[in-house]
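Reviewing the structure listed below.
Within every chain, numbering begins at 1; the chains are lettered A, B, ... in the order of the sequence lines, protein sequences first and strands thereafter.
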2 protein chains.
Amino acid sequence: MRLQAELVAVVLTVNAGRPWVLAGGEPPALPAGPLAAGESLQAGVREFARERSGFDLGYVEQLYTFADLGRSADDCRTVSISYLGLTRAPIDGSARPADWSALYDLLPWEDRRHLTASGTDRLSEEIELALRRWSGDLDERRDRCAFLFGYDDRPWRAEFALQRYELLWEAGLVAESPTAGRISALTAGPMAHDHRRILATGLSRIRAKLQYRPVVFELMPESFTLLALQETVEAIAGQHIHKQNFRRSVEVQHELVEPTGELSHDTGGRPARLYRFRGSVREERAQVGTKLPLPR
Amino acid sequence: MRLQAELVAVVLTVNAGRPWVLAGGEPPALPAGPLAAGESLQAGVREFARERSGFDLGYVEQLYTFADLGRSADDCRTVSISYLGLTRAPIDGSARPADWSALYDLLPWEDRRHLTASGTDRLSEEIELALRRWSGDLDERRDRCAFLFGYDDRPWRAEFALQRYELLWEAGLVAESPTAGRISALTAGPMAHDHRRILATGLSRIRAKLQYRPVVFELMPESFTLLALQETVEAIAGQHIHKQNFRRSVEVQHELVEPTGELSHDTGGRPARLYRFRGSVREERAQVGTKLPLPR
DNA sequence: GAGTAAATGCTGAAAGTGAGCATAACAGGC
DNA sequence: GCCTGTTATGCTCACTTTCAGCATTTACTC
């Protein structure tokens, strides 16, 4: 059996309060390329992420390996090894902006920052309606929907983005579902191959990781205000965080950040202290469990 | 470039209070085999786990994909996709026992159940001594050792098994370290290829998962006492748990188990209620976050 | 100087955790 | 039948963490 291996990267950055993912083309596709000879997997990902975006990846982590059965002829199979990468790319700057997509254009239901407490919106209602129709009177389905989409007073769990995608896929509500009906307009349009699934995998992973590892750091500039840090976390998490509690949780773990002594005056109000990450975070980030709050 | 793909499985079971892993031969090797054509990855793992052990895997989860550079000639590269699998195989029964190894014979420092509170033993002391020698006066190394092995009153974190293995490897304390010295007798002997690393990856993963997903279930018989459940968790976690608190945390989440109404009389003392997992656990196990305590 | 926007400080309820004591219910020996 | 050992099971208490809101401070803009 002939075998091919390719690397697929989910490269994320946050800019102006919005998360962006390196994905261009029509339909949009994640950067992917063959595994070069004599190169480690991580090095390969870093390599072509730089080629495509012009920026270096900070954090890199393996996501999942897929072996497509359907994609090619039986005698040539492709193994896709997917990676998550974080970078500080300033998008609007020198990079070709066409290569970047707004993450929540591709997974619109994952951004809930505009929702007020216990509030809802057109998209949520549409999904809930469609899902209830799909569930019918099957208790199992109903439970699953309630758990993943937070119906019936259950909390919204940001880190279950992948499972939500899979549910919508089964229910025929995303463009690439085999059973997609007309309501599939939830997503702007199809993405290449199974790239939306890979993207959802990456989003799930970073949201989970955010809660126990100091990875936001990779998305922040050298120095920043606590509000900027919070807004970056919120952008990834797709939901709002109680400001004072966020601030406290950051300050309590005094291994995490330290004030630079400078102030930022473009706040519109009282100037904010600037902070930087402590050196120990950079070095120990492979081990230390550092917690940032996600609301439940 | 020629490319080969192989599957490597970490198949775990718990029996008589000890965790076992499917690994035989000399040196011991995890079951591994080429990726068959026209077969999904998971199906492949299940397939040859059944062949080798005679039992079906319950839970299966992808671990990590390695692409060896060094292992073969430059024009033929092997991609190893590793999986974790859990099964209820009764070892001492019909299966060929030679295929199973006691997990903690392969990673002896990961079992701390015999340690009394704040106590220590020969192995721990030996490791601590060797690690302190290796750290010298390098603060970074010293911190890392303290964090991973719980020196200086830091808590032992069971789920960092992989990082501990990697540290020991760097420090030349396991048989397969490139710089292995005489003290490397920590491990009984070498394992094939990088299989001990893969095993440590699997142990890390299941220990982490145990804390927020009902996976123990896959290791338990149809009905069981709470003590039996606790001992299974302890076997995997490699440490003791406060009995009453364990019991409370199980009972509080009343989605998890329910009494069968029967009693077990072979306790030696007061008979114990028998429990079974609730149906919802089986179905929703892919989603529901169920917590079992690991001491910190 | 008034109004405003944001940073910052503080407090109290609620939930979760860790550790121990006390009691209940059996088996087996006498 | 009673005593003893052993385990299951019930309960309490202190302590920590988390959630959520109120109040105050500080500087900018007009």
Between the first and last five pairs of the helix from C:dG1-D:dC30 to C:dC30-D:dG1, the angle of the axes, rounded to 10 degrees
10°

One thing to verify: whether A:Glu234 and A:Arg113 come together as a salt bridge, which I'm taking to mean a side-chain N less than 4.0 angstrom from a carboxylate O.
no

Side-chain (A:Arg142) to main-chain (A:Ser135) donor-acceptor, under 3.5 angstrom
no

Can a donor-acceptor pair under 3.5 Å be found between the side-chain atoms of B:Arg270 and the base atoms of C:dA25?
no

Mind running side-chain contact (heavy atoms from CB on, under 4.5 Å) on A:Leu107 and A:Leu203 for me, showing each step along the way?
CA-CA 10 Å; A:Leu107 301 169; A:Leu203 184 60; 4.0 Å; yes

How about A:Phe160 and A:Phe147: are their ring centres within less than 6.0 Å of each other?
yes

Does the side chain of B:Glu251 reach to within under 4.5 Å of the side chain of B:Leu226, using non-hydrogen atoms?
yes

Give each protein N/O atom lying under 3.5 Å from an N/O atom of nucleotides 9-14 of chain C, with the pair distance.
residue, atom, partner, partner atom, Å
C:dG9, O6, A:Gln244, NE2, 3.1

Sugar-phosphate only, base, or nothing, as touched by A:Leu227 at under 4.0 Å among non-hydrogen atoms:
sugar-phosphate

Report the distance from atom NZ of A:Lys243 to atom P of D:dC19, rounded to the nearest whole Å.
18 Å

Over how many whole Å does the gap from A:Phe246 atom CZ to D:dG21 atom C1' extend?
19 Å

How many whole angstroms separate atom CD1 of B:Ile241 from atom C1' of C:dT17?
14 Å

Can you measure A:Leu263 atom CG to D:dA27 atom P for me and round it to whole angstrom units?
8 Å

Close aromatic pair by centroid cut-off 6.0 Å: A:Phe277 and A:Phe224:
yes

Classify the side-chain pair A:Glu61/A:Tyr59 by whether it contains a donor and acceptor separated by less than 3.5 Å.
yes

Which label fits A:Trp156 and A:Phe149: parallel for a plane angle under 30°, tilted from 30 to 60°, or perpendicular past 60°?
perpendicular

Out of D:dA8, D:dA20, C:dA25, whichever nucleotide has its closest atom nearest the side chain of A:His242:
D:dA20

I'd like to know if the side chain of B:Arg247 and the backbone of B:Gln230 have a donor-acceptor N/O pair within less than 3.5 Å.
no

Spacing of B:Gln253 atom CD relative to C:dA15 atom P, expressed in whole Å
16 Å

d(CG, B:Leu226; P, C:dA24) in whole Å:
20 Å

Rounded to whole Å, how long is the line connecting atom CG of B:Asp266 with atom P of D:dT6?
17 Å

